[in-house]
Amino acid sequence: MIEERKRAGTRQWVGLAVLVLPCVLASMDLSVMFVTLPSLTADLQPSSSELLWIMDVYGFLLAGLMITMGTLGDRVGRRRVLLTGAAAFGVASVLSACTSSPEVLIAARALMGIAGATLAPSTLSLIRNMFHDDRQRATAVGVWTAGFAGGAVVGPIIGGLLLEHFWWGSVFLVNVPVMILLLVLGPVLLPEYRDSKPGRFDLLGALLSLVAILAVIYGIKLMAEHGFDWTSAVSVLAGLAVGVLFIRRQRTTTYPMLDLALFRTRRFTVPLLVNALNTFAVIGFSLFNWQFMQLVLGMSPFESASWSLPTFLVMPVGIALATAMGHRIGKPTVMIAGLVVATAGYTVLSLSRTDSGIVYLVGALTVVSLGIGGVAAVVTEVILSAAPPERAGAVSALAETSAEFGGALGIAILGSIGTAVYRAQITSRAPADLNPPQLAAAEETLGGAIDTALALPHQTAEALRSVAFHAFTHEMRIAAMVSAAVTAGGAILIATMLRTASTTQRDSHRQADGPQAVP
């Protein structure tokens, strides 16, 4: 079916602004917990296990249910799913803010994760149907990408400001007026879209996808926290086994959740893989730059969050450049250019030293942000355009799920590499007069080394801090090298598997054809 290419008007652009707001909050709630945790812990006094679940349950359910919610939106209506999720997100935010029990907070955060899983695929798939013109849709996806990425950056800043004047629950109450605004304006500005012949909802397929994603991500997280062990390996293998069952069901059921035929074309699979690689590097390296600012450079959480603003402010520049150039030189070429720029930024970071300073660090991160901003926007738009309009919800969810997996792998792999490098450096260079418990604590983390130094004589403490700072900077350099290799690999993947020249010539024809409209 050929999709009518009507240009969007004022109503659609105002509707886009309404769609972006919940995405900002959904991503903000992933990062705001980092600054909220100390106040929350002092008030609720959760156990270590409860604390982990407070932190993780939101992200787990968010990742695990995106495919289900995207497919559900295709069948029952994307606006309906979005507004239902927004209402649940607001209620869960109030429960999170007002609770006095760790158990209730875990349950409320779980509800937020379930509701949050409706937001990204519903908003992105609505953009697919609201903006039929290729250039306008690319711009709209760029705005959406900036909002989603920006939420993760401004979360700690807003959280820090609120915690200076209010109690920890205020960081959740920020969500409520935005969700109310969405519930009021959504029915007026957002048209409803659903598949005209959706078929039955595959409940067993939804359950299999949830179990597979949760098990794999949980296992990866265990590896990141505790290293490789049988528990994490069994969790990942079990998730992969359930994933195989999910794929087999999609091949045999009458009404599959996913169109597996999409995975047989490089025009879909390559951008999906690049999306995961891009997120692998970004999320994985974020483990190191935040610790470097706070522990090596001695900044407060709010101060380090404020210094991250330039990386956020330059991202719309990268998105705007990529969107504008995509129609002139071809989207594969733009993605390659963005990945090359990000590789250059990571390469600069691989030359960091303990005395490099905040300007050096933020400058290099800004270069990375400029590159990945454009890549993320174009890759998302390419993935979205590869699907028939009636499957936009499921494909939007796949794009977000690939990013979630990339981020989880980045944390696990770069975290594990960094830990091994750090421990080797401490073991070989730590002051000789440390006793075994002190050495073990210093080897565990940079924070452990700093805490251990507080109880040591001045000269030994200074020596230990110096060794620990150099060891951490060395592991950050290694992580930057790996990130540079990953982004460079993404550029090579696009250059070798997507034919840039011929794609550029055929771009306008494919966009006119609708379902296969990709660069």
Side-chain angles (χ1 to χ4, degrees), residues 56-76 78 81 85 110 113-122 124-125 195 197-223 231-277 279-280 383-384 386-388 390-409 412:
D56 295 337
V57 70
Y58 175 79
F60 280 171
L61 290 175
L62 187 73
L65 286 169
M66 276 189 183
I67 292 177
T68 297
M69 295 303 183
T71 305
L72 186 65
D74 289 339
R75 282 166 166 74
V76 306
R78 292 157 194 168
V81 169
I114 295 171
T118 69
L119 300 180
S122 295
L124 195 52
S125 57
D195 188 350
K197 297 178 181 179
R200 292 193 309 272
F201 181 73
D202 184 10
L203 185 59
L204 177 58
L207 180 61
L208 289 173
S209 71
L210 174 63
V211 173
I213 293 170
L214 288 182
V216 172
I217 290 183
Y218 179 69
I220 292 172
K221 181 174 175 55
L222 287 180
M223 290 181 191
T231 303
S232 58
V234 168
S235 181
V236 171
L237 291 175
L240 292 175
V242 175
V244 171
L245 293 178
F246 171 75
I247 293 173
R248 292 185 64 180
R249 178 167 179 80
Q250 298 310 291
R251 288 175 174 169
T252 57
T253 186
T254 306
Y255 303 106
M257 293 176 63
L258 300 178
D259 182 5
L260 296 182
L262 283 171
F263 291 92
R264 291 196 289 269
T265 172
R266 290 180 298 178
R267 299 193 305 268
F268 178 76
T269 54
V270 171
L272 201 68
L273 180 57
V274 169
N275 193 39
L277 292 175
T279 313
F280 175 101
I383 294 171
L384 190 62
E390 62 272 14
R391 291 292 185 128
V395 172
S396 301
L398 277 174
E400 290 304 305
T401 303
S402 70
E404 290 290 337
F405 271 112
L409 282 171

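Keep in mind it's a predicted model, so treat the numbers as computed, not measured.
- Here the straight-line distance linking atom OG of Ser209 with atom CZ of Arg249 works out to 11.5 Å at 0.5 Å rounding.
- Summarising the geometry of Gly219 relative to Ser235, their closest heavy-atom pair is N-OG, 3.4 Å, with the distance given to 0.1 Å.
- The shortest non-hydrogen separation linking Arg266 to Pro271 is O-CD, 3.5 Å.
- Atom CZ in Phe246 sits 11.0 Å away from atom CG in Leu207 (nearest 0.5 Å).
- Thr253 has its side chain out of reach of Leu204: every pair of non-hydrogen atoms, C-beta onward, lies at least 4.5 Å apart.
- Between the OG atom in Ser402 and the CE atom in Met66 there is a gap of 10.0 Å [rounded to 0.5 Å].
- The distance from the CG atom of Leu240 to the CG atom of Leu245 is 11.5 Å, given to the nearest 0.5 Å.
- Here the CG atom belonging to Leu272 is positioned 10.5 Å from the CG atom belonging to Leu277, to the nearest 0.5 angstrom.
- Thr279 places a side-chain N or O within 3.5 Å of a backbone atom of Asn275 that can act as its donor or acceptor partner.
- Between Ser122 and Thr118, the shortest heavy-atom distance links the atoms OG-O, 2.6 Å.
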**Q.** Residues Met69, Ile114; criterion side chain to side chain contact (heavy atoms under 4.5 Å, CB included); working and verdict
**A.** CA-CA 9 Å; Met69 295 303 183; Ile114 295 171; 4.0 Å; yes
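- Residues Gly239 and Ala212 share a closest heavy-atom pair of O-CB, 3.4 Å.
- Expressed to the nearest 0.5 Å, how far OG of Ser232 lies from CG of Leu237 amounts to 9.0 Å.
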